[in-house]
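The block underneath contains the structure these notes are about, expressed in structure tokens.
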Amino acid sequence: MSADLITEDTMADLPRLNRTLRSLPAAPVRMVHLGLGAFHRSHQAWYTEQASDAGNWGIASFTGRRPDAALTLAAQDGLFTVVERADAGDTFSVVGSIVEAVDGADVARLAGLLAVSQTAVVTLTITEAAYLANPDGSFNSAAPEVVADLAALGGAGDPVTPLGRLVLGLAARRTADAGPLAVVCCDNLSNNGEVARQSVVGMANAWDPSLAEWVSANTSFVSTSVDRITPRTTPEDVAAVAAACGYADSSPVVAEPFASWVLSGDFPAGRPRWEDGGALFVEEIEPYENRKLWLLNGAHSLLAYAGQLRGHATVAEALADPFCRDAITAFWDEAEANLPAEGLQIPAYREALLARFSNARIAHHLAQIAMDGTTKLRMRAVPVLRAERAAGRSGAAAALMIASWMDCTVALPPLQDPLSAEVAAVNADDESGRVRALLALVDAGLAADDAVVDLMSSLRGTTAVA
Ligand code: CS2
């Protein structure tokens, strides 16, 4: 049936996707995930489905702030369709590795699962900002969310941050003497295993120092570089799945065909054979991490800010604009000069990125990428800008990413950001010192450097179409 013919009525006549329909048994829970969203489903859940031992590795996946995704997924026994969207067309496959979809507020279930030794792995996609890290990567124990969660952990209610909930679960594991496990950070942060370690141990320490000791001794924080472009699912995607597959799936996920997962660290209680789906286990992750964070995510942020200022809505649209494409090429040249030449195949990686970004069938919205700029720019622009300046060069292309963000904070409706109040205060009060004050929210060291502030000021306003 054509997707145009799918209406609410025809959808109601279709069988609902579930385990009985697909004769798919549920694997026992051995993994817990925090951050049940589209990317988790197209990436970690998809990789787990590809493992030859998938039958032993069920995932209990918890939502963040809202229960909605858990409710819709639970109604179809955790099953969902992955739509791999290539230029040439769509392919559809059902993923069954999520065996429990749980409201994140159900901390009793989280604690119950972490308290059994067969739970071996916790994966995290909680967003960069949720690690509540200071710019140097250390844990910000003074953040208001932390203070509120500490009161909750002390007996005033349930914690609400992912860190607070995880720490509560780890305390239950210690009490049950259920042994060591691995925490696998799947957020786009440099050195993400170490950031996760500092934040989880920091949160535990602020509550109960003896728990922090237990966590340090019993938790392996695995660093990973994750990659798969996964835009938000639209009603048209739901109709396309119904038309092509003949069942009703309220929660399909659309992703590009490409996927990559590089991991480094120990799994003391075991893990699925993710290598069967192409995951790579390495000793030294930093070069892979920097390649992905700078070349892919850096280009994304540059497109998100410069592209929106120039009136574009999606990555593919922005990339078709020669101004944006030149800006990306210049930024990639700066990034590449600071990556090891050996082993990373940068020219091929850049070529592949251009092809991935220009997949016009994936409507990847710039507004989605533009969120949380102060945190993202620290990983994506600042290291390249610093490295270029240390090498005696200007870093103008990396600086343009930050300058475009500054322009967006004035030209666009307020962007979601952990520092949105500070951004608004700067824009209201500080006309003359605006560039320095906004830069200080991204990186205090750079903001103290007059030459960088001058460079940034000279780039402001150069992106927008005249
Ligand atoms: C994007 C990433 O939203 C963003 O900030 O840059 O989510 C990006 O699509 C993924 O990292 C791709 O793997």
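Quantities reported herein were computed from a predicted structural model and do not represent experimental measurements. Counting convention: from 1, in listed order, for ligands and their atoms alike.
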Query raised in the report: How long is the gap from OG1 on T374 to CG on L419, to the nearest 0.5 Å?
Result: 4.0 Å
Query - Heavy-atom nearest neighbour in the protein, as seen from atom 13 (O) of ligand 1, with distance rounded to 0.1 Å - result: D227 OD1, 2.6 Å
Query raised in the report: ligand 1 and E128, any nitrogen or oxygen pair closer than 3.5 angstrom?
Result: no
Requested in this report: Do me a favour and list the nearest non-hydrogen protein atom to atom 2 (C) of ligand 1 with residue, atom name and distance?
Outcome: N297 ND2, 3.5 Å
Report task. Starting at OH of Y131, measure out to CZ of F139 and round the result to the nearest 0.5 Å. Result -> 12.5 Å
Requested in this report: Mind checking the CD1-CG spacing from I369 to L302? Nearest 0.5 Å is all I need.
Outcome: 11.0 Å
Query raised in the report: What residue and atom, counting heavy atoms only, is the protein's closest point to atom 6 (O) of ligand 1, and at what distance?
Result: H300 ND1, 2.8 Å
Query - Residue and atom name of the nearest protein heavy atom (relative to atom 11 (O) of ligand 1), distance in Å to one decimal - result: K292 NZ, 2.6 Å
Query raised in the report: Between T409 and N427, does any side-chain donor sit less than 3.5 Å from a side-chain acceptor?
Result: yes
Query raised in the report: Nearest 0.5 Å, what's the CZ-CD distance between F331 and E336?
Result: 12.0 Å
Query raised in the report: Roughly how far, to the nearest 0.5 Å, is CH2 of W405 from CG of L377?
Result: 6.5 Å
Requested in this report: Measure the distance from atom 4 (C) of ligand 1 to every protein heavy atom, then report the residue, atom name and distance (to 0.1 Å) of the closest one.
Outcome: K376 NZ, 3.6 Å
Query raised in the report: Judging by distance only, is a nitrogen or oxygen of R380 under 3.5 angstrom from one on ligand 1?
Result: yes
Query raised in the report: If you measure from each non-hydrogen atom of M371 to ligand 1, which part falls under 4.0 Å: side chain, backbone, both or neither?
Result: neither
Query - R356 N/O under 3.5 Å from ligand 1 N/O - result: no
**Report entry** Side-chain H-bond candidate by donor/acceptor type, T48 with S97, under 3.5 Å
**Finding:** no
Report summary line: Nearest non-hydrogen protein atom to atom 7 (O) of ligand 1, with distance, is N188 ND2, 4.1 Å
